[in-house]
Amino acid sequence: MTRPLHLELDRSAKTPLAEQIHKGIRTAIESGVLAPGARLPSWQDLAAQLGVARGTVRVAYEKLSSAQLIVASRATGTHVADRPPFPVRRDSAPSPGSFMEMYQELTAGPAIFQMGVPAQETLPATLLARMRAQAVRAEVSAPAIYPDPRGELALRREIAAYLALARGIECAPSQIIVTAGFSGGLGLALRVLGLEQKKAWMEDPGFPFTRQGLALARLSVAPIPVDADGIDVDYGMKHAPDAALVVVTPGQQAPLGSTLSLVRRSRLLDWAAQSKAWVIEDDYLSELQLKGRATPALASLDRAGRVIHIGSFSKTVTRPPCGWALSSHRPPWRRNLPKLLRALRPRLGRRCSARWPTSCARAIICGIFGARSGFTLHKAMHC
């Protein structure tokens, strides 16, 4: 032993004491505190030193022995096993100003006045827990067959009903693809459209994760300013008329919160139809309203089939994220969708876990979002 070994146990933690002892000794061995050949106290002696049951230390020692980190012998006692030195792996800090640094800051946890964080105490937690328990029981009795890669039909039907009642979009369940939140829907849409090396309008300021997604898809981002009426369509038409894609948050602009005016909605849709450009509508926070009902979705006004509507229930019903992408029946989406679904599904990340779709469907049926029962979430925001 090159340095003294100190094991500190947190008896109030949820981690079992045996696991804490195992982790402490393993860390000491891998970091060099316990050198190869160093003798360890017997599990009886260590149990007395730490004030725990003998069986607790014995379980920890058995795990260490199974990992070939220690060797026990009646003649010589318990020693650290001889093993070649391994470099200690340490996560390097992200580069200052990089996307990963920003990502870690945004996902570290809710902060004061952080946008898009719902107030959990206002959500019907008891109702959601009961529905999720029912979904788990239904999953156990369900046949073990391959699921539809687009998502369960029951969920897609309920999403279609929700979009018709709450967002003013008339669509069929066959147009809906269940995704792992907005990011999953955005990735799927960008891969299907195949717009590499082309230009895309992006709100400025806008959601940084969306900007990174466009960059990863090899699109050239054209920042378009935002004011009280939403994205400045005329500015985009003047400075980037050759854009093939527009990503917009017309309901509640992220992060300024403005709503895209009806005049600019019509202007954007007319330009997209004439230029054969695609519009990805990020239905950001559509299910969370401070007052009243949400403004109808941009896709509800689309008559040329140029809008791909993407939304999610990630802020309310589901953990992990669960969302949807509403596809157009026009090429190239219709032409490329079956082939790309089969090829890309394993690489697009997991959809909702198996029990979430049923839970989501029942939540929508019960009117959690006000589509069928008048329930509102006007208090479901911190800011």
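Leu245 CG to Trp278 CH2: the interatomic distance, rounded to the nearest 0.5 Å, is 10.5 Å. Here the CD atom belonging to Glu8 is positioned 13.0 Å from the CD1 atom belonging to Ile21, to the nearest 0.5 angstrom. Ile176 CD1 to Cys171 SG: the interatomic distance, rounded to the nearest 0.5 Å, is 4.0 Å. Taken to the nearest 0.5 Å, the OG1 atom of Thr179 stands 8.0 Å off from the CG atom of Leu188. In this structure, the separation between CZ on Arg267 and CG on Leu260 is 13.0 Å, given to the nearest 0.5 Å. In this structure, CD1 on Ile169 lies 11.5 Å from CD1 on Ile159, to the nearest 0.5 angstrom.
Contact annotation: the side chain of Asp227 never approaches that of Ser258 to less than 4.5 Å [non-hydrogen atoms, C-beta and beyond]. Side chains of Val71 and Thr78 form no contact here, defined as non-hydrogen atoms less than 4.5 Å apart. Between Leu46 and Ile25 the shortest side-chain heavy-atom distance falls below 4.5 Å. At a threshold of 4.5 Å between non-hydrogen side-chain atoms, the residues Ile29 and Val33 do not count as touching.
Of all non-hydrogen atoms in Gly181 and Ser312, the two that sit nearest each other are CA-CB, 4.1 Å. The shortest heavy-atom contact between Gly185 and Ala325 is CA-CB, 4.4 Å. Closest non-hydrogen pair, Ala240 versus Ala222, comes out as CB-CB, 3.9 Å. Across all non-hydrogen atoms, the minimal contact from Pro250 to Leu298 is CG-CB, 4.0 Å. Taking both residues in full, the closest heavy atoms of Arg26 and Ala67 are given as NH1-CB, 3.7 Å, listed atom of the first, atom of the second, then distance. Here the closest non-hydrogen pair linking Ile310 and Leu186 is CD1-N, 3.7 Å.
In terms of modelled atom types and a separation under 3.5 Å, the side chain of Thr249 and the main chain of Ala254 share a donor-acceptor contact. In this structure, Gln274 contributes its side chain and Trp271 its backbone to no donor-acceptor pair below 3.5 Å. Gln20 places a side-chain N or O within 3.5 Å of a backbone atom of Asp10 that can act as its donor or acceptor partner. No donor-acceptor pair under 3.5 Å is formed between the side chain of Glu170 and the backbone N or O of Ala164. Side chain of Arg156 to main chain of Gly151: a donor-acceptor pair is present (N/O by atom type, distance under 3.5 Å, no hydrogens or angles). Under the 3.5 Å distance criterion, the side-chain polar atoms of Ser300 are matched with a main-chain donor or acceptor of Ala297. At least one donor-acceptor pair closer than 3.5 Å links the side chain of Gln253 to the backbone N or O of Pro205. Within the 3.5 Å criterion, the main-chain N or O of Ala277 finds a donor-acceptor partner in the side chain of Arg306. Listed for the Glu152 side chain is no donor-acceptor partner under 3.5 Å among the backbone atoms of Leu155.
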Evaluate side-chain contact (heavy atoms from CB on, under 4.5 Å) for Leu219 paired with Lys199, printing each intermediate quantity in order.
CA-CA 6 Å; Leu219 276 83; Lys199 190 174 296 184; over 6 Å; no

Intermediate values then yes/no, side-chain contact (heavy atoms from CB on, under 4.5 Å), Val80 and Leu69
CA-CA 6 Å; Val80 176; Leu69 294 175; over 6 Å; no

Going through the distances and angles, do Arg265 and Thr295 end up as a side-chain contact (heavy atoms from CB on, under 4.5 Å)?
CA-CA 12 Å; Arg265 289 172 185 243; Thr295 304; 3.5 Å; yes

Would you check, one step at a time, whether the test side-chain contact (heavy atoms from CB on, under 4.5 Å) holds for Leu268 with Val246?
CA-CA 9 Å; Leu268 176 61; Val246 178; 4.2 Å; yes

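Under the 4.5 Å side-chain contact rule for hydrophobic residues, Leu9 and Tyr61 share a cluster. Under a hydrophobic clustering in which Ile, Leu, Val, Met, Phe, Trp and Tyr are joined whenever their side-chain heavy atoms come within less than 4.5 Å, directly or via other members, Leu262 and Met237 fall into the same cluster. Using a 4.5 Å cut-off between side-chain heavy atoms of Ile, Leu, Val, Met, Phe, Trp and Tyr, with links allowed through other members, Tyr235 and Trp201 fall into the same hydrophobic cluster. The cluster map of Ile, Leu, Val, Met, Phe, Trp and Tyr, joined by side-chain heavy atoms under 4.5 Å apart, puts Ile70 and Val59 in different clusters.
Listed by chain and residue number, Glu62 satisfy the salt bridge (charged side-chain N to carboxylate O under 4.0 Å, His left out) test with Arg58 (two or more places apart in sequence, or in another chain). Glu19 is linked by a salt bridge (charged side-chain N to carboxylate O under 4.0 Å, His left out) to Lys63, counting only residues two or more places apart in sequence or in another chain.
Judged by distance alone, the side chains of Gln252 and Thr259 never bring a donor and an acceptor atom under 3.5 Å apart.
Taking the six-membered ring where tryptophan is involved, the planes of His309 and Trp324 are essentially parallel, since the angle between them stays under 30° and well short of 60°.
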